[in-house]
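Structure record follows, encoded as structure tokens.
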Amino acid sequence: MQPLLVLLIVVACFVAASFLAVWSYGRFARRARGTPTTALPVQDDATPLDRLLAPLLADHPGQSGLLLVEDNLDAFAVRARSARMAGRSLDLQYYFWEHGLTGRLLSQELLDAADRGVRVRLLIDDINTRGRDKTYRALDHHPNISVRLFNPARNRSDQVRRGIEMILRAFRITRRMHNKAWIVDGRLAVVGGRNIGDAYFDADEEANFRDLDVVMVGDAVAQAEHVFDAFWNSDVSIPLTAFAYPRKVGLDYARSRLARTSADQRCRPYQERAALALGDLMDGARQLRWTEHARILWDPPEKAAGSGQQNWLMHAIRPEILAARRCLEIISPYFIPGEAFMRELARMAKGGVDIGVLTNSLAATDVAAVHGAYMRCRYPLAAAGVRLYELKPYQHRPNISLFGSSRASLHTKAFTVDEHTGFIGSMNFDPRSRSLNCEMGVLFTEPELVAQVRANFADETSPEKSYQVQADSGVLVWQDRAAALPQTLRAEPEASLSRRLLARLISILPVQSQL
């Protein structure tokens, strides 16, 4: 009985400490809340973006103009160039802002805009901020820049205390803001799958992501601003100024660090592409597609507090997916559909709907543990007739990075239904996105834009870029269709032994809800 008594005492102490930690944090968060602010009203001709877009919007009342951004360098350029054109506001909401080369270049654009008098609101999820507070604090010293952290740890400098806090607040700390939104002057918004970091803009020397964004103007931008304001003013978003730091840091730190980055020769391709006029990015085949049917779908910040229903966004998109009659194509880097959704996909496939799913191979994924849970659903889906593809880690073409990397990893989160409806956003088809993370994206009905997303799916699932996974006599096989003589592989292609062992271990553990 003595070991059991000791265990009960330890559990009781942990529960009490966890309760006190949550209670103490709640008191801190209520006192630390910032002054509510909202999006600034748009005007007809006050800023360069007003003057560029107002005539277009006047020709398309009640509509949204959408532009698909596939190329990583274009994705950087549209953010940088739109920030240069900002004359009123920049409202930026990201899960992750890495302070590598491209992250520092975009931070410089924020600082330049603030120097011109533009109001900058930057909301960052806290889970990846470790070691980056100094840069955020320096920017926050600018009178026109405000930085808030979503669901932050209270301990900022002592990593041991921060770790203890995260353990004691484990049920809340796992709930993150996964949103990505770049909103300029209330006139233009960029939403999609890209965070701010070198791997999203072809600047990483090891591996770069394949991803999609949508540039939006018109009615959808006001919807994105509404989402931003809801998160900015929520109980879970804490101003950086509310935290105690052992050392002070001023704006001069940011100015000197960012100036050194701008002089780096590696910046030249990004500076040259950003020098293009924003209008040039919308010309030709990439011109705006106009529709009355574009909606921002999102999980409210209350999801991070564990209140209300868990699956706001999934409840909104599920009817759209189930409405497919001819074809459904899903792109998700982490694909763990769950038993109920897997049965629905299998039923649809057996009923004649052509269903294709693209995700990462074990060798390509950046989170090998997630692949372990995905392994459980592959055979049932393939056996039901779902076309299942896994991205190859290396593409059979020249380097995809400006700095030498040819390794690719899928990061796109999108789906299309028949030839008329599409969705691009931050939500993976996995339990974490459904139940824990706050997510957002744009749902649209516009055939030409849907055709572009489907063309992206066809390109990424081509023999050169993906394996096709099939059910063959009770086992899975990977078809490598790019070889001179197509090959049938019977083990996870190109994956290391350590990755295969980790994925197999995760596949048998009861941790799927946290992946």
Side-chain angles (χ1 to χ4, degrees), residues 71-86 90 92-126 128-149 156-157 159 180 182 184 190 194-209 240-241 243 245-276 278 399-405:
D71 182 80
N72 283 349
L73 200 54
D74 281 348
F76 173 89
V78 75
R79 289 167 170 84
R81 186 59 185 173
S82 61
R84 293 179 189 181
M85 299 181 74
L90 283 169
L92 314 176
Q93 179 178 12
Y94 281 95
Y95 173 69
F96 179 45
W97 189 303
E98 178 198 35
H99 294 303
L101 179 73
T102 53
R104 292 196 299 271
L105 285 175
L106 291 175
S107 293
Q108 182 66 62
E109 300 293 348
L110 307 192
L111 188 56
D112 291 345
D115 287 343
R116 298 194 306 269
V118 174
R119 186 190 71 174
V120 179
R121 296 187 294 174
L122 178 60
L123 178 61
I124 301 293
D125 186 88
D126 185 55
N128 291 304
T129 60
R130 180 179 175 182
R132 298 182 175 91
D133 278 23
K134 193 173 183 180
T135 299
Y136 294 134
R137 289 164 58 204
L139 292 172
D140 193 62
H141 270 278
H142 196 291
N144 291 328
I145 299 178
S146 298
V147 181
R148 295 186 182 182
L149 300 177
R156 308 306 303 171
S157 54
Q159 297 306 320
K180 290 96 173 163
W182 179 285
V184 187
V190 184
R194 289 183 177 94
N195 292 294
I196 305 300
D198 287 349
Y200 301 92
F201 303 123
D202 282 355
D204 195 281
E205 297 179 1
E206 298 297 326
N208 289 276
F209 288 120
L240 207 57
T241 53
F243 299 99
Y245 290 94
R247 298 176 183 174
K248 293 184 178 180
V249 60
L251 188 57
D252 289 343
Y253 168 80
R255 292 194 187 280
S256 61
R257 186 166 188 244
L258 297 179
R260 289 195 301 272
T261 300
S262 298
D264 191 324
Q265 287 300 309
R266 296 179 303 158
C267 296
R268 182 170 297 176
Y270 296 94
Q271 293 165 335
E272 291 175 351
R273 186 67 65 93
L276 294 173
L278 186 64
N399 291 343
I400 60 171
S401 167
L402 295 178
F403 307 121
S405 170

### Summary
The reported gap from CG in D126 to OH in Y95 (rounded to nearest 0.5 angstrom) is 11.0 Å

### Query
Say you draw a straight line from OG1 of T261 to CG of L106; how long is it, rounded to the nearest 0.5 Å?
11.5 Å

### Query
Does R116 CZ have over 12 foreign heavy atoms under 6.0 Å away?
yes

#### Entry: Between N195 and Y200: side-chain donor-acceptor atoms closer than 3.5 Å
yes

### Message
For R268 and Q271: C-alpha separation, side-chain torsions, deciding distance, then whether side-chain hydrogen bond (donor to acceptor under 3.5 Å, both in side chains) applies.
### Response
CA-CA 5 Å; R268 182 170 297 176; Q271 293 165 335; 5.9 Å; no

#### Entry: Minimum heavy-atom distance A138-G250, with the two atoms named
CB-O, 3.4 Å

#### Entry: Test log, rule salt bridge (Lys or Arg N to Asp or Glu O under 4.0 Å), inputs D198 and R266
CA-CA 12 Å; D198 287 349; R266 296 179 303 158; 5.8 Å; no

### Task
Go through the steps to decide whether L110 and H142 satisfy the test side chain to side chain contact (heavy atoms under 4.5 Å, CB included), and finish with yes or no.
CA-CA 10 Å; L110 307 192; H142 196 291; over 6 Å; no

### Query
Which value, rounded to the nearest 0.5 Å, describes the distance between I124 atom CD1 and D133 atom CG?
11.5 Å

## Note on the structure
Smallest heavy-atom separation, N208 atom then A203 atom, equals OD1-N, 3.3 Å

### Task
Kindly determine whether L92 and W97 satisfy side chain to side chain contact (heavy atoms under 4.5 Å, CB included), including the steps that lead there.
CA-CA 10 Å; L92 314 176; W97 189 303; 4.1 Å; yes

### Query
side chain to side chain contact (heavy atoms under 4.5 Å, CB included) between F201 and R194: does it pass, once the steps are laid out?
CA-CA 9 Å; F201 303 123; R194 289 183 177 94; 4.1 Å; yes

### Message
Would you compute the distance between atom CG of D140 and atom CZ of R148 and round it to the nearest 0.5 angstrom?
### Response
10.0 Å

### Query
Do V118 and L90 come within less than 4.5 Å of each other through their side chains, counting heavy atoms only?
yes

### Query
Any side-chain heavy atom of R137 sitting closer than 4.5 Å to one from L240?
yes

### Task
Apply side chain to side chain contact (heavy atoms under 4.5 Å, CB included) to the pair L111 and R255, showing each step before the final yes or no.
CA-CA 8 Å; L111 188 56; R255 292 194 187 280; 3.8 Å; yes

### Message
Under 4.0 Å between a side-chain nitrogen and a carboxylate oxygen: does that hold for D74 and R273?
### Response
yes

### Query
So which heavy atom on A274 is nearest to which on A80, and how close?
CB-CB, 3.8 Å

#### Entry: Distance, nearest 0.5 Å, that separates CG of L258 from OH of Y253
9.0 Å

### Task
Can you see which heavy atom on A114 is nearest to which on N144, and at what distance?
O-ND2, 2.8 Å

### Query
Under the 3.5 angstrom rule, does the side chain of E109 hit a backbone N or O of R79 as a donor-acceptor pair?
no

#### Entry: Parallel, tilted or perpendicular, as decided by the 30° and 60° cut-offs, for the rings of W182 and Y94
perpendicular

### Task
Look up atom OG1 in T129 and atom NE2 in H99, then write down how far apart they are to the nearest 0.5 Å.
9.0 Å

